[in-house]
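Report on the following structure.
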Amino acid sequence: MTVQEIKEIMLTVPMIPDMELAVTKTVESLSRFIPFTGDQVDEVKHAIIEACMNAFEHSRSADCRILLVFKVGPCKLTVEIVDHGKGFDPALVEDPKIENKLFKNVRKRGWGLKLMKHLMDEVDIVSNRNGTVVRMVKYADAYRKEALNESV
Amino acid sequence: MNQFNIDIEHTGDYAVIRSDGYINNLGGEKISEECCRLLESGCRNFILNLEKSPIVNSIGVSILIELIERVLESDGKLVFTNLTSTIAKTFRIMGLLQYAGAFPDELTALDEIKKM
């Protein structure tokens with residue numbers, strides 16, 4: 001843990017319908033400690049909903065639970081979504097495009113990962129046959145450019 | 001369990017659908033069912049007001065993509081109003097706004113639908 005990551009909150013949630021909404025309440029509470037705009041809080045909430053839904057739908061986790069670890073820093077929020085499912089290869093996830101889905105007899109779903117990557121500043125996935133850890137970071141606007149330059 | 005409701009105002013060849021609640025698979029299906037019922041009765045144009053639906057997930061939006069497809073195939077139009085910044089961004093990321101317009105409010109949307 002870095003000096004900036006002064007607060008860490010762990011939350012275990014069962015994979016039951018709408019539990020992702022309960023997680024967004026935690027995001028709202030923690031966001032008071034970070035100079036996020038309202039839109040940024042909203043973006044984090046939507047990204048976490050997508051990460052939870054992916055775990056709920058695809059992980060096939062035997063314990064039917066996910067662990068969320070929130071690390072609150074003065075200028076950023078880091079969230080890890082952990083499941084103990086079968087894992088997947090992120091490189092094999094197709095980048096969805098609306099022109100490949102509309103007016104074609106294909107399933108319209110598969111947008112979760114793309115949305116997470118666009119709504120958050122950083123998304124890293126570590127996955128193997130023992131489970132998956134999705135790590136996502138959002139920087140407060142005032143610190144975003146500086147933080148992203150440093151990480152390059 | 002999440003409560004989801006919709007209010008429908010059907011006038012002539014257009015309908016205003018106002019959703020209230022989380023647009024997940026169930027919310028998306030409810031909107032889709034009502035719009036498909038209206039399509040079958042001859043209504044072609046839809047204004048979907050999401051003012052009271054500030055949270056969506058991609059499964060719910062995927063169902064809206066199917067609905068947009070069905071409306072366009074029926075030579076109709078579907079537009080959104082009162083989107084939060086994040087939902088508008090989500091729709092842009094997914095490419096929905098190339099096929100379904102977004103307007104600040106119902107009156108503006110109705111004016112635009114009449115011009116289209």
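A, B, ... follow the sequence lines: proteins, then strands. Residue 1 opens every chain.
- At a cut-off of 3.5 Å, with distance as the only test, a side-chain donor of Asp105(B) or Thr108(B) sits close to an acceptor on the other residue.
- Heavy atoms of Asn24(B) lying under 4.5 Å from chain A belong exclusively to its side chain.
- Ranked by heavy-atom pairs under 4.5 Å with chain A, the list Thr90(B), Asn25(B), Ile87(B), Thr84(B) is led by Thr90(B).
- The distance from the OG atom of Ser85(B) to the CZ atom of Arg92(B) is 8.0 Å, given to the nearest 0.5 Å.
- A donor-acceptor pair under 3.5 Å is absent between the side-chain atoms of His58(A) and the main chain of Arg60(A), judged by distance alone.
- Proximity to chain B at a heavy-atom threshold of 4.5 Å picks out Glu43(A), Lys45(A), His46(A), Ile49(A), Glu50(A) from residues 43-50 of chain A, in numerical order.
- Side-chain atoms of Ser29(A) come within 3.5 Å of backbone N or O of Lys25(A) as a donor-acceptor pair.
- Of residues 97-117 of chain A, those residues with a non-hydrogen atom less than 4.5 Å from any non-hydrogen atom of chain B are, in numerical order, Ile98(A), Glu99(A), Lys101(A), Leu102(A), Phe103(A), Lys104(A), Lys108(A), Arg109(A), Trp111(A), Gly112(A), Lys114(A), Leu115(A).
- Side chain of Ser59(A) to backbone of Ser61(A): a donor-acceptor contact under 3.5 angstrom is found.
- Under a hydrophobic clustering in which Ile, Leu, Val, Met, Phe, Trp and Tyr are joined whenever their side-chain heavy atoms come within less than 4.5 Å, directly or via other members, Val61(B) and Leu48(B) fall into the same cluster.
- The backbone N or O of Glu29(B) sits nowhere less than 3.5 Å from a side-chain atom of Ser32(B) that would complete a donor-acceptor pair.
- A salt bridge does not link Glu33(B) with Lys30(B): every distance from a Lys NZ or Arg NE/NH1/NH2 to an Asp or Glu carboxylate oxygen is 4.0 Å or more.
- In this structure, no portion of Gln40(A) lies under 4.5 Å from any heavy atom of chain B.
- For Lys7(A) and Phe33(A), the positive end sits near the middle of the six-membered ring, less than 6.0 Å away and at most 45° from its axis.
- Judged by distance alone, the side chains of Tyr14(B) and Glu9(B) never bring a donor and an acceptor atom under 3.5 Å apart.
- A salt bridge is defined here as a Lys NZ or Arg NE, NH1 or NH2 lying under 4.0 Å from an Asp or Glu carboxylate O, and Lys115(B) with Glu112(B) meets this definition.
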